[in-house]
Amino acid sequence: GTPSDEITYLPGLVKQPSFKHYSGYLQASGTKQLHFWLLESQSSPVHDPLVLWLSGGPGCSSLYALLMQNGPFRIQDDGFSLEYNDYSWNKEANVLYLESPAGVGFSYSDDQNYTTNDDEVAEDNYLALQDFFKRYPYYKSHNFFITGSSYAGFYVPMLALKVMQDSDIKFQGIAVGNGLSSIPLNGNSIVYFAYYHGLIGDDLWTDLTQSCCPSNNSINAHSCNFYNNTNPDCATAMEQVSHVIKDIGLNRYNLFANCSGGIPPHSVGLGFDGQKYVTYDVDPPVFHKYYFGQKRRMVKLCSHHKLK
Amino acid sequence: AQIPCINTSAITTYLNNPYVRQSLHIPENITSWEVCSSAVLQKYTFQYDTMKSQYDQIIMAFKYRVLLYNGDTDMACNFLGNQWFVESLGLQEQIQRRAWLFNDGKDQIAGFVKEYQNFAFLTVKGAGHMVPMDKPNAAFTMINNFLKKRPF
């Protein structure tokens, strides 16, 4: 590895790891510098594959995956101690976590311009990867996989198409976990998910099927359009679905887990003073159409109130 | 920017510790680490609705392997949407949908998998959006089998 990138001491560990790991920056387009953390395999770093991990958002850091999910270290509640993860993905693979795009985590751009899009992210990820293979050339001989989760469901296949054209890389395949593959399919299927998990009742389901589906008698997987239906009755019913999934305090990232911090105070849409509040959070763009549509309607409804 | 219902205070505290930043070779002028950047999200242009065309091209190369997996209790990117997406690709089914296993001393059902040529769609039972955090043993078994080209 590049000696200047090697992490020689990581605070919080009782014992430093037996495998090598590296942290540094990779050059993307313009003045963008993407931060990476490479963890060598705990088994056979010379022979094991190289796995790139990208996180989604857009705007979320892959270090969350490294330190809370599939990396070798798990941060403890005190915010300082680290414990080893017995099921780390670097047990039998070299894993490269990339914070992308610029502006995410420790990644930055000298010009401070963080305006970007899907095509640009794919190109920057590819440029950063090329820079990685320049700095760590022996990984060119390793089998290479691209993985990621959430909105990286877009980043991963787009980067794969670029890597496929590069014969210098021994590209083998991709793995995407809980990824976004299709915004319309994700938006439509969540309504069935909610109904079949008992989150919405029969009355609302009836309203949905009557206003969003072509015929009441043909409710099958693809016959209903919940996602971008122009029928106002469908949009109204969908606002209620969106409200249940997003606003009432369910943990949308794990239905059967508690919501850390409990039910959010804005969950009912009204403050103690009777005012309505516009809230903002980070999500894949699954509900954008309905979510912002709903907020616009709320603004109209309460125009005599002072909005915060 | 915070992720709703997810406590990120420990990791935020850790990565903003000056000693940790020094260990990771982070320049001093880089601003505080946060789990998600609202600046990036707000300035982001979403150009695509679907990745179908991209997957079609990967599949048509006939030499790359694909694994799509879903914790089945996630509502941000739910399993059913990805199941529909995979069905929309029109792949030839190779192995019927079946349970796949992991071992926690005894074999356990980790979820369900349907396999096509060079392509698998797999669920992880009881896991949410962050599969390796929710079901670490099953997730490790899954990725290891995929990387080593072993059956699930």
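The analysis underlying the following values was restricted to heavy atoms, covering all of them including side chains, and did not include hydrogens, waters or symmetry mates.
Both the backbone and the side chain of B:Ile6 come within less than 4.5 Å of a heavy atom of chain A. If you measure heavy-atom distances from A:Pro157 to chain B, the contacts under 4.5 Å come from both the backbone and the side chain. Only the side chain of A:Val51 has a heavy atom closer than 4.5 Å to any heavy atom of chain B. Both the backbone and the side chain of B:Leu15 come within contact range of chain A, each with at least one heavy atom under 4.5 Å from a heavy atom of that chain. In this structure, no portion of B:Asn118 lies under 4.5 Å from any heavy atom of chain A. The parts of A:Phe171 that come within reach of chain B are both its backbone and its side chain, each placing non-hydrogen atoms under 4.5 angstrom from that chain. Proximity to chain B (any heavy atom under 4.5 Å) is shown, for A:Thr115, by both the backbone and the side chain. When heavy atoms are compared at a cutoff of 4.5 Å, B:Asp74 approaches chain A by way of both its backbone and its side chain. Within the 4.5 angstrom heavy-atom criterion, only side-chain atoms of A:Leu161, from C-beta onward, approach chain B. Both the backbone and the side chain of B:Asn78 come within less than 4.5 Å of a heavy atom of chain A. Using a 4.5 Å cut-off between heavy atoms, A:Asn143 makes no contact with chain B at all. With a 4.5 angstrom heavy-atom cutoff, A:Tyr155 touches chain B only via side-chain atoms. With a 4.5 Å cut-off on non-hydrogen atoms, B:Ile11 touches chain A through its backbone and its side chain both. Looking at B:Asn82, the atoms closer than 4.5 Å to chain A (heavy atoms on both sides) all sit in the side chain, from C-beta outward. In this structure, chain B has a heavy atom under 4.5 Å from the side chain of A:Glu99, while its backbone stays farther away. No part of A:Ala257 comes within reach of chain B, as not one of its non-hydrogen atoms sits under 4.5 angstrom from that chain. Heavy atoms of A:Ser107 lying under 4.5 Å from chain B are absent altogether. Looking at A:Asp77, the atoms closer than 4.5 Å to chain B (heavy atoms on both sides) all sit in the backbone: N, CA, C or O. Only the side chain of B:Ala61 comes within contact range of chain A, with heavy atoms under 4.5 Å apart.
Note: B:Thr12 OG1 to A:Tyr64 OH = 9.5 Å, rounded to the nearest 0.5 Å. Rounding to the nearest 0.5 Å gives a distance of 11.0 Å between NE2 of A:His35 and CH2 of B:Trp33. Of the inter-residue distances, the one linking A:Tyr253 atom OH with A:Ser260 atom OG reads 13.0 Å to the nearest 0.5 angstrom. With rounding to the nearest 0.5 angstrom, the OG atom of A:Ser81 is 9.5 Å from the OH atom of B:Tyr14. The structure places CG of A:Leu66 at 4.5 Å from OH of A:Tyr97, a figure rounded to the nearest 0.5 Å.
A tilted orientation is assigned to the rings of A:Phe73 and A:Trp37, their planes being inclined by 30° to 60°.
The candidate from A:Val176, A:Asn251, A:Ile75, A:Leu255 with the greatest count of non-hydrogen atom pairs under 4.5 Å with chain B is A:Val176. Ranked by heavy-atom pairs under 4.5 Å with chain B, the first of A:Leu63, A:Asn113, A:Asn258, A:Asp48 is A:Leu63. Among A:Ala65, A:Pro101, A:Pro184, the residue making the largest number of heavy-atom pairs under 4.5 Å with chain B is A:Pro184. Ranked by heavy-atom pairs shorter than 4.5 Å toward chain A, the options B:Thr13, B:Asn7, B:Ile26 are led by B:Ile26. For the set B:Thr141, B:Val124, B:Leu80, the entry with the most heavy-atom pairs within less than 4.5 Å of chain A is B:Leu80. The candidate with the highest count of non-hydrogen atom pairs below 4.5 Å against chain A, out of B:Asp134, B:Val66, B:Asn29, is B:Val66. When the candidates A:Ala102, A:Gly262, A:Ser55, A:Ser4 are compared by the number of heavy-atom contacts under 4.5 Å with chain B, A:Ser4 comes out ahead. Counting heavy-atom pairs closer than 4.5 Å to chain B, the top residue among A:Asn178, A:Leu250, A:Asn254 is A:Asn178. Annotation: maximal heavy-atom pairing with chain B below 4.5 Å, among A:His197, A:Gln76, A:Arg74, A:Glu120, occurs at A:Arg74. The greatest number of non-hydrogen atom pairs below 4.5 Å with chain A, out of B:Val131, B:Leu122, B:Asn144, B:Val20, is found for B:Asn144. Among B:Lys148, B:Gln47, B:Gln83, the residue making the largest number of heavy-atom pairs under 4.5 Å with chain A is B:Gln47. Put simply, of B:Val40, B:Thr123, B:Thr50, B:Leu24, the one with the most heavy-atom pairs under 4.5 Å next to chain A is B:Leu24.
For an aromatic pair to be called close, the ring centres must be under 6.0 Å apart, and B:Tyr69 with B:Trp100 fails this. In this structure, the ring of A:Phe226 has its center less than 6.0 angstrom from the ring center of A:Tyr192. Residues B:Phe46 and A:Phe154 place their aromatic rings such that the two centres sit no closer than 6.0 Å.
Here the shortest heavy-atom pairing between A:Gln16 and A:Leu10 reads OE1-N, 2.8 Å.
Side-chain contact between B:Tyr44 and A:Asp118 is present, with heavy atoms from C-beta onward closer than 4.5 Å. Annotation: side chain of A:Phe106 is not in contact with side chain of A:Ser23 (no heavy-atom distance under 4.5 Å). Residues B:Phe121 and B:Phe112 are not in side-chain contact: their nearest non-hydrogen atoms beyond the backbone lie 4.5 Å or more apart. B:Gln108 is not listed as a side-chain neighbour of B:Asn137, based on a closest heavy-atom distance of 4.5 Å or more. Side-chain contact between B:Leu89 and B:Phe119: present, with at least one pair of heavy atoms (C-beta onward) separated by less than 4.5 Å.
Partners of B:Phe79 according to the ring pair (Phe, Tyr, Trp, His ring centres under 6.0 Å) rule, which considers only residues two or more places apart in sequence or in another chain, do not exist here.
In this structure, B:Asn145 contributes its side chain and B:Phe152 its backbone to no donor-acceptor pair below 3.5 Å.
Here B:Arg98 pairs with B:Glu115 in a salt bridge; the nearest charged N to carboxylate O distance falls below 4.0 Å.
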